[in-house]
Amino acid sequence: MVPQPLQNKCAERTKLHKPLEVFLSYWESKYLSGVLPNKEQMDPLDLRGLLNHIMLFEVIDNGVDFKVRICGQEVRDILTVPVAGVLLS
């Protein structure tokens with residue numbers, strides 16, 4: 001079940017950028033019982049067609065910090081600096 005605020009924000013999905021729409025559908029399929037999906041539920045192979053458009057982070061020290069694990073080409077083009085492996089702190 002998708003939480004109500006997310007349903008409201010996505011009421012006009014046809015206006016979303018196609019990769020975002022695909023990712024949102026995938027994420028919603030992993031959102032179970034009001035609990036955010038964990039890394040075991042999110043398989044980058046399921047996201048092959050989206051990897052150019054997303055960043056995946058590794059949680060460090062129970063959320064004290066985050067490390068960039070995957071940074072797609074579309075994101076790198078926007079950021080203009082290499083970020084793979086970089087800590088957000």
Side-chain angles (χ1 to χ4, degrees):
M1 183 172 136
V2 178
Q4 191 63 33
L6 188 56
Q7 286 176 338
N8 291 341
K9 290 180 182 178
C10 300
E12 298 184 34
R13 278 207 169 161
T14 56
K15 293 182 180 180
L16 292 177
H17 183 47
K18 186 64 176 175
L20 178 57
E21 181 181 348
V22 171
F23 178 78
L24 185 56
S25 293
Y26 176 76
W27 187 85
E28 288 173 345
S29 76
K30 303 297 181 180
Y31 190 95
L32 305 172
S33 304
V35 177
L36 295 174
N38 61 38
K39 68 180 180 180
E40 286 78 23
Q41 294 169 290
M42 304 290 287
D43 185 352
L45 293 177
D46 292 340
L47 304 170
R48 281 184 292 248
L50 300 175
L51 291 178
N52 278 334
H53 302 276
I54 63 175
M55 290 178 78
L56 296 179
F57 298 89
E58 176 183 350
V59 177
I60 307 291
D61 295 330
N62 293 318
V64 172
D65 206 353
F66 301 87
K67 179 189 269 186
V68 178
R69 299 302 298 176
I70 295 175
C71 184
Q73 185 63 51
E74 296 286 330
V75 179
R76 288 193 308 263
D77 289 347
I78 292 167
L79 297 177
T80 68
V81 295
V83 294
V86 171
L87 292 172
L88 294 186
S89 59

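Side chains included, hydrogens not; waters and symmetry mates left out as well; all remaining heavy atoms used.
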Just by distance, do the side chain of Glu28 and the backbone of Ser25 share a donor-acceptor pair under 3.5 Å?
-> no
Co-membership, hydrophobic cluster, residues Val59 and Met55, 4.5 Å side-chain = yes
Would you check, one step at a time, whether the test side chain to side chain contact (heavy atoms under 4.5 Å, CB included) holds for Leu88 with Phe57?
-> CA-CA 9 Å; Leu88 294 186; Phe57 298 89; 3.8 Å; yes
Treat each ILVMFWY residue as a node, draw an edge where side-chain heavy atoms are under 4.5 Å apart, and state whether Leu50 and Ile70 are in one component.
-> yes
List the atom of Glu40, the atom of Asn38, and the distance in Å for their closest heavy-atom pair.
-> N-OD1, 3.0 Å
Side chain to side chain contact (heavy atoms under 4.5 Å, CB included) between Leu47 and Trp27, worked out = CA-CA 10 Å; Leu47 304 170; Trp27 187 85; over 6 Å; no
Contact list for residues 50-63, test side-chain hydrogen bond (donor to acceptor under 3.5 Å, both in side chains), sequence neighbours left out | Glu58-Arg69
Which heavy atom in Asp77 sits nearest to a heavy atom in Thr80, and how many Å separate them?
-> O-CG2, 3.5 Å
Interatomic distance, CG@Leu51 vs SG@Cys71, rounded to 0.5 Å, equals 11.0 Å
Same apolar cluster (I L V M F W Y, side chains within < 4.5 Å links), Val68/Val75 | yes
Euclidean distance, Leu20 CG relative to Ile54 CD1, rounded to 0.5 Å | 11.0 Å
How long is the span from the CG atom in Leu79 to the CD atom in Glu74, to the nearest 0.5 Å?
-> 11.5 Å
Decide side chain to side chain contact (heavy atoms under 4.5 Å, CB included) for Phe66 and Leu87; before the verdict, give the C-alpha distance in whole Å, the side-chain angles of both, and the deciding distance to 0.1 Å.
-> CA-CA 6 Å; Phe66 301 87; Leu87 292 172; over 6 Å; no
Are any side-chain N or O atoms of Asp65 and backbone N or O atoms of Ser89, one a donor and one an acceptor, separated by less than 3.5 Å?
-> yes
Distance, nearest 0.5 Å, that separates CZ of Phe23 from CE of Met42 | 4.0 Å
